[in-house]
Participant: 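Have a look at the structure that comes next, please.
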Amino acid sequence: MTSSDAHLLARLRDLAAKQPTTGRSALPDQQRITTESQETVVSALRDANRKLQ
């Protein structure tokens with residue numbers, strides 16, 4: 001690795017570390033979808049997809 005490559009790699013790592021987060025905080029537990037509810041939604045979407053095909 002050349003010194004130029006090392007400099008670019010260091011610069012990229014520095015920029016990546018400074019990237020802002022999505023700005024959205026994680027949802028509280030009581031607002032998160034349950035596994036059972038998620039499976040119900042996925043099943044309904046698969047059924048709808050099959051009907052459309």
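Keep in mind that this is a model prediction, so the values were computed, not measured.
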Participant: Hey, what do you get for CZ (Arg46) to CD (Glu39), rounding to the nearest 0.5 Å?
Facilitator: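 Here the rounded value is 9.5 Å.
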Participant: Measure the CZ-CG distance between Arg50 and Leu45 for me, rounded to the nearest 0.5 Å.
Facilitator: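 Separation between the atoms: 11.0 Å.
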Participant: Could you grab the distance from atom CG of Asp47 to atom CG of Leu52, nearest 0.5 Å is fine?
Facilitator: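 Going from the CG atom of Asp47 to the CG atom of Leu52 covers 11.0 Å.
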Participant: Pick out which of Thr35, Thr40, Thr34 makes a side chain to side chain contact (heavy atoms under 4.5 Å, CB included) with Ser37.
Facilitator: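 The single option meeting the side chain to side chain contact (heavy atoms under 4.5 Å, CB included) with Ser37 is Thr34.
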Participant: What's the separation between atom CG in Asp5 and atom CG in Leu9, rounded to the nearest 0.5 Å?
Facilitator: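 Nearest 0.5 Å value for the CG-CG distance: 8.5 Å.
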Participant: Would you say that more than 12 heavy atoms from the other residues, nucleotides or ligands in this model lie under 6.0 Å from the CD of Gln31, or not?
Facilitator: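 Enclosed.
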